[in-house]
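Structure, as structure tokens:
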Amino acid sequence: MVASAEVVACNEDLITLILLRLPVKSLLRFKCVSKKWLCLISTPNFSSRHRRLASASILLSQIPGLISHLSLNCSSSEKPFSSLDFIDDSAGVKLLQSINGLALGCSFHKLGKPRSYYVCNPSTRQFLTLPPPNAEGHDSFATVLGVYLAFDSSKSPHYQVVCVLNCSLSAAHDRYQIQIYPSETRTWRLCGSPFASPSDMMFETGVLWNGAIHWISPTGATLCFNINQEHIGSMPSPPSDEHWNKRRFRYFGESGGHLHLVEIYGPSTTQFQVFELERDYSKWICKYQIDISPIIDAFPEMVRDYLHPHHHDSLFYAFVLLFVQETEEGSSLLLHIPGKFISYNLRNKSFKEICGSGPKSTKTNTALHIGCFHAHQFIETLASV
């Protein structure tokens, strides 16, 4: 037994294979075992290999800053983290974005206190407080409309933060500006010339995909900003129901290298489409046809009637689309229905309830409440901020 342990301890390749399969919290402790282990775990190559082997989970952020964890296979593995309370901010910090193990957060609104933004690694509990985007004297009256984190450890150990500002004093002449914060320089810099945008552009809900940030307005206008080329452009407007004067977005996000959008028209709709944008920006295609009628049959608590309980048109189906997940194992749609989380297989149309630390049914609360969740994919990393 002792001899076998000595063989393992002396075999660096074997030790590496073992360590690569451990969570970040364990690796941080094991750095103290020996100088040899500290050196091994601290190398960029080890960090990159660990990132590739790490399994993804789904995080659900909600007010007042609590973060729930969903395990798609109902695993009993340790939760990655439950809040960003390691960041010292008296207002509290909410999660805005999670990308390749790093997270972007901001302080909640607090009267008399300016909002702060943070880049952090929740696994290592490291964080960086970003300086104000207009700290270099450009337009002191500028309003922050959206902040985004771009990070791909397979290409670079560095990250970038992109900020969209409204730099106009007049609502009639909106003038928008983008600033970029590269982690190499740790200072904001102006990017390109000011640009115009529809007043209803939803800058706070931009999606990072294909090296660019994408926005859609309720009236169908689109914008995208290529981070590397520092260029503002547009993308095709997806098909919509012509009977509605405003778009009914229920999901806009990225997964598995694809950009998806779901629009649902009317509260009693059970059928809808998942659109996917072609990588060359030529058009949106209908990737999936969805019918949630079987889910409603299985979970009748989703059905709400109001005004006229026996009138079919007055039915309202309570559900929230949280995440479209594209993986090598398959594609699925994550839904939140009253008191439960459901994974819907987009290939074979099957569905199942999945485990999580979200809201549960109680005797005093019938769990007919649909929470305000924002879903993020999370993968542990050793990357430094």
Side-chain angles (χ1 to χ4, degrees), residues 48 51 95-106 117-121 128-136 138-139 142-167 175-198 201-217 221-236 252-261 276-282 326 374 376-379 381 383-385:
S48 178
R51 163 65 181 78
L95 179 65
L96 296 178
Q97 185 186 355
S98 171
I99 177 168
N100 293 319
L102 296 186
L104 176 71
C106 76
Y117 291 86
Y118 306 94
V119 176
C120 66
N121 183 335
L128 170 78
T129 304
L130 293 169
N134 55 356
E136 298 180 5
H138 299 284
D139 297 324
T143 302
V144 175
L145 300 179
V147 182
Y148 311 93
L149 176 65
F151 173 62
D152 187 348
S153 58
S154 66
K155 297 179 180 179
S156 170
H158 302 291
Y159 60 84
Q160 294 175 298
V161 182
V162 178
C163 177
V164 181
L165 298 166
N166 184 344
C167 303
R175 185 165 64 91
Y176 299 90
Q177 179 69 65
I178 287 179
Q179 292 192 23
I180 293 182
Y181 178 95
S183 62
E184 301 100 311
T185 63
R186 298 191 181 275
T187 57
W188 291 99
R189 63 177 176 83
L190 290 171
C191 176
S193 302
F195 62 95
S197 171
M201 186 61 68
M202 301 173 68
F203 284 112
E204 72 278 7
T205 57
V207 177
L208 178 66
W209 171 73
N210 201 22
I213 304 168
H214 303 76
W215 302 279
I216 300 180
S217 80
T222 67
L223 278 178
C224 58
F225 172 70
N226 186 295
I227 298 174
N228 291 329
Q229 298 177 6
E230 301 188 2
H231 171 71
I232 285 283
S234 62
M235 57 181 169
F252 183 42
E254 180 275 341
S255 178
H258 304 282
L259 184 66
H260 297 114
L261 183 138
E276 182 176 296
L277 184 61
E278 295 278 21
R279 200 166 187 84
D280 62 1
Y281 291 81
S282 59
E326 296 266 17
H374 298 279
H376 313 269
Q377 185 163 296
F378 180 76
I379 301 176
T381 181
S384 174
V385 299

Under 4.5 Å between any side-chain heavy atoms of Thr143 and Leu145, yes or no? yes
Trp215 (side chain) donor-acceptor with Met201 (main chain) under 3.5 angstrom: no
Classify the side-chain pair His258/Glu276 by whether it contains a donor and acceptor separated by less than 3.5 Å. yes
Got a sec, which residues hit ring pair (Phe, Tyr, Trp, His ring centres under 6.0 Å) with His260, two or more places apart in sequence or on another chain? none
Do any N or O atoms from the side chain of Thr222 and from the backbone of Ser234 form a donor-acceptor pair under 3.5 angstrom? no
Under 3.5 Å, side chain of His231 to main-chain N/O of Asn226, donor-acceptor pair present? no
With a 4.5 Å heavy-atom cut-off, do Phe151 and Gln97 have their side chains touching? no
As an exercise, state the distance from SG of Cys191 to CD1 of Ile232, rounded to the nearest 0.5 Å. 8.0 Å
State, yes or no, whether a side-chain contact exists between Met235 and Ile216 at a heavy-atom distance under 4.5 Å. yes
Rounded distance [0.5 Å steps], CG in Leu128 versus OH in Tyr118: 10.5 Å
Does any N or O in the side chain of Gln177 come within less than 3.5 Å of the main-chain N or O of Cys167, such that one atom is a donor and the other an acceptor? no
Is the shortest heavy-atom distance from the side chain of Leu95 to the side chain of His374 under 4.5 Å? no
Within a strict 4.5 Å, meaning less than it, do heavy atoms of the Thr205 and Phe252 side chains meet? no
Hey, could you give me the CD/CG distance between Glu278 and Leu259, rounded to the nearest 0.5 Å? 11.5 Å
Got Asn100 and Thr381 here, is their nearest side-chain heavy-atom distance under 4.5 Å? no
When you compare the side chain of Asn210 with that of Leu277, does any pair of heavy atoms fall below 4.5 Å? no
Checking Asp280 now: which residues fulfil side chain to side chain donor-acceptor pair (under 3.5 Å) with it, not counting sequence neighbours? Ser282
Could you pull out all residues at least two apart from Phe378 that satisfy ring pair (Phe, Tyr, Trp, His ring centres under 6.0 Å)? Phe81
Identify all side-chain donor-acceptor contacts of residues 156-163 below 3.5 Å with residues at least two apart in sequence or on another chain.
residue : atom : partner : partner atom : Å
Ser156  : OG   : His158  : N            : 3.0
Tyr159  : OH   : Val385  : O            : 3.2

Taking only residues two or more places apart in sequence, or in another chain, which ones meet Glu230 in a salt bridge (charged side-chain N to carboxylate O under 4.0 Å, His left out)? Arg189
Considering only heavy atoms from C-beta outward, does the side chain of Trp209 approach that of Cys224 to under 4.5 Å? no
Return the set of residues passing salt bridge (charged side-chain N to carboxylate O under 4.0 Å, His left out) with Glu254 (not counting sequence neighbours), or none when no residue passes. none
